[in-house]
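Below is one structure, written out as structure tokens; comments come after it.
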Amino acid sequence: MTPGLHGRVALVTGATRGIGAAVARQLADAGARVCVTARDPEEVRRAAEQLGGIGLAGNVADPEHARAAVDLALGEFGRLDVLVNNAATNQPYGPLMDLDPQAWREAFTVNVEAPLRLVQAAWRGWMREHGGSVVNVCTEGAGHVGPNVGAYGTSKAALLHLTRQLAGELAPRVRVNSVSPGLVRTEMARFVWEQGPVDLPLGRIGEPEDVARAVVWLASDAAEWITGADLLVDGGTRVRAAHPGGYAVHDRLRSYAPPPS
Ligand SMILES: NC(=O)c1ccc[n+]([C@@H]2O[C@H](COP(=O)([O-])OP(=O)(O)OC[C@H]3O[C@@H](n4cnc5c(N)ncnc54)[C@H](OP(=O)(O)O)[C@@H]3O)[C@@H](O)[C@H]2O)c1
């Protein structure tokens with residue numbers, strides 16, 4: 001049993017599929033009551049029902065979303081102990097010289113500003129007085145340069161630093177950590193993994209549950225003396241990058257042509 005999650009309340013953004021859905025499931029299995037968000041209302045309703053929890057349909061880019069989600073969790077469950085900032089976009093895709101500034105701003109709104117707004121709302125509504133734990137989902141790719149993912153990587157690198165900054169500002173009341181996944185079998189990364197097997201030191205790409213276990217552990221009291229940390233959950237991708245043969249994922253990012261948006 002993961003310590004310190006039974007009876008706690010968790011808010012997970014982007015929790016209707018992929019990594020967020022696995023996080024919400026594992027938190028619920030550990031005894032937490034869970035509030036999930038995502039944009040598609042029908043998917044939110046289905047996910048909340050399956051978890052025995054509650055849900056809010058909305059876009060994290062909406063400035064009102066953070067307060068609405070926190071208010072819902074507090075109104076229904078009376079507390080908010082864990083926040084998992086998981087929802088993100090990997091758009092726009094392409095060389096930085098071709099990027100439209102508006103699309104760049106949208107990436108930063110979803111991947112950086114929205115997590116900050118959610119932490120602010122959770123802090124003001126509950127955590128400043130009662131404490132809590134935040135886990136931000138970053139990416140292994142934020143640690144180095146990759147083709148066509150400049151906006152995504154730069155915004156996630158900002159989220160990584162935001163994690164450390166918040167950890168400093170909110171201690172000792174609130175712990176703030178991140179996980180940095182490598183390639184995981186979800187919709188967001190389908191265009192990479194469906195091109196065929198990837199050669200990683202641990203022999204396979206990640207499943208959402210691999211990342212969720214790390215998120216849940218960091219959120220729990222098992223990690224009570226850890227803040228400002230980033231946990232790589234990447235099957236050894238970073239290690240592979242240092243070896244002859246290079247970084248297979250980059251070849252796929254280089255050759256992929258996204259559908260017109
Ligand atoms: N998969 C990977 O290989 C990988 C690697 C490194 C890091 N990550 C990170 O892991 C996290 C989860 O990604 P994933 O791969 O699980 O993605 P996914 O399978 O595409 O799931 C994304 C979830 O977020 C929701 N969502 C997307 N945009 C949203 C928005 N603007 N507002 C609210 N909800 C939104 C989606 O539902 P709706 O579409 O209905 O909104 C869905 O529930 C992200 O932070 C991503 O950057 C993934």
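Order of appearance sets the numbers: ligands from 1, and atoms from 1 within every ligand.
Proximity of a side-chain donor or acceptor of Lys156 to a complementary backbone N or O of Gly143 within less than 3.5 Å is not detected.
For Tyr93 and Phe191, the distance between ring centers is under 6.0 angstrom.
Ordered by chain and residue number, the residues placing a heavy atom less than 4.0 Å from ligand 1 are Gly14, Ala15, Thr16, Arg17, Gly18, Ile19, Ala38, Arg39, Asp40, Gly58, Asn59, Val60, Asn86, Ala87, Ala88, Val137, Cys138, Thr139, Tyr152, Lys156, Pro181, Gly182, Leu183, Val184, Thr186, Glu187, Met188, Ala189.
The residues Asp234 and Arg238 are annotated as not salt-bridged, no charged nitrogen and carboxylate oxygen being separated by less than 4.0 angstrom. The existence of a salt bridge linking Asp210 and Arg204 is confirmed by a sub-4.0 Å separation between a basic side-chain nitrogen and an acidic carboxylate oxygen.
The side-chain heavy atoms of Asn85 and Val135, taken from C-beta on, include no pair separated by under 4.5 Å.
When only modelled atom types and interatomic distance are considered, Gln120 and Arg117 share no side-chain donor-acceptor pair under 3.5 Å.
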